[in-house]
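Working notes, structure below.
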Amino acid sequence: MGGLRWVKRILSSRRTGLIWSLTALAVLTSASCSASREDLLKIFDLDLPGCRTTNMWSAGNKDWPQQHMLLRFTAPKVCVEQYLDDHGVSRDNPLHWPTGESGTFGDQKVSPTDPPFQPQSMKDFKLKLDPEKRYDLYNDFKTPTGAVFLVLVDPQGEQSTIYLDSVSLGHD
């Protein structure tokens, strides 16, 4: 019991310093886990499309080995198609969401409406997909240095919203 009182006394006498240290640690940790769009584009060797875009958003981590990038934007359909073509995507044979497939993978049940991205990416994108709508899904989007992205295209008439989630960083 005396040891516990001693720890409490040390913590209360150092409370201000401890709170400051924890705050600084939280700021440093969050700063190292996120990166600017420019930093992420450079790390993944990814260029933005040459057309006018709206709804641009990105997030990610530039620190190795957790390097990861999410990118979303809306652009004219023809621009999105050109962007996909410029990155080696085979648009002739896309995957689709919902998949239309169900079954099991190992011991996990697979549903046609399972999200196309990891749960954290879905949350970060704030992406809620309509199972009554058909989305194109591509897994062969590559940058010049070999970074690979899983891409979902949400068609909206003459516009499309594109969601890119990095799968691998590639190499220099």
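In this chain, numbering begins with 1 at the start of the sequence shown.
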### Query
With Leu152, which of Leu129, Ile162, Asp136, Asp165 fulfils side chain to side chain contact (heavy atoms under 4.5 Å, CB included)?
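In the set Leu129, Ile162, Asp136, Asp165, the residue that makes a side chain to side chain contact (heavy atoms under 4.5 Å, CB included) with Leu152 is Leu129.
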### Message
If hydrophobic clusters are built from ILVMFWY residues whose side chains come within less than 4.5 Å, do Tyr83 and Met56 share one?
### Response
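Tyr83 clusters together with Met56.
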### Message
Check for me, please, whether Leu164 and Val148 land in the same ILVMFWY cluster - side-chain distances under 4.5 Å, paths through other members count.
### Response
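Leu164 does not cluster with Val148.
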### Task
State, with a plain yes or no, whether a side-chain heavy atom of Leu71 is found less than 4.5 Å away from one of Leu48.
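Yes. Closest side-chain heavy atoms under 4.5 Å.
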### Task
Look at Lys133 together with Asp154 and state whether they make a salt bridge at an N to O cut-off of under 4.0 Å.
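Salt bridge: yes.
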N/O donor-acceptor pair under 3.5 Å between [X] side chain and [Y] backbone:
X	Y	value
Ser90	Asn93	no
Glu101	Pro112	no
Arg72	Thr161	no

#### Entry: Ring geometry between Phe125 and Tyr163 (parallel below 30°, tilted from 30 to 60°, perpendicular above 60°)
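Rings of Tyr163 and Phe125: perpendicular, over 60°.
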### Task
Over all heavy atoms of both residues, which pair between Thr143 and His87 is shortest? Give the atoms and the distance, please.
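Shortest heavy-atom contact: CA-CD2, 4.2 Å.
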### Message
Can you give me the closest heavy-atom contact between Ser121 and His68, atom names plus distance?
### Response
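The answer is OG-CE1, 3.8 Å.
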#### Entry: By side-chain contact (heavy atoms from CB on, under 4.5 Å) - contacts of Thr113 (at least two apart)
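Thr113: side-chain contact (heavy atoms from CB on, under 4.5 Å) contacts with Trp97, Pro98, Ser111, Pro131.
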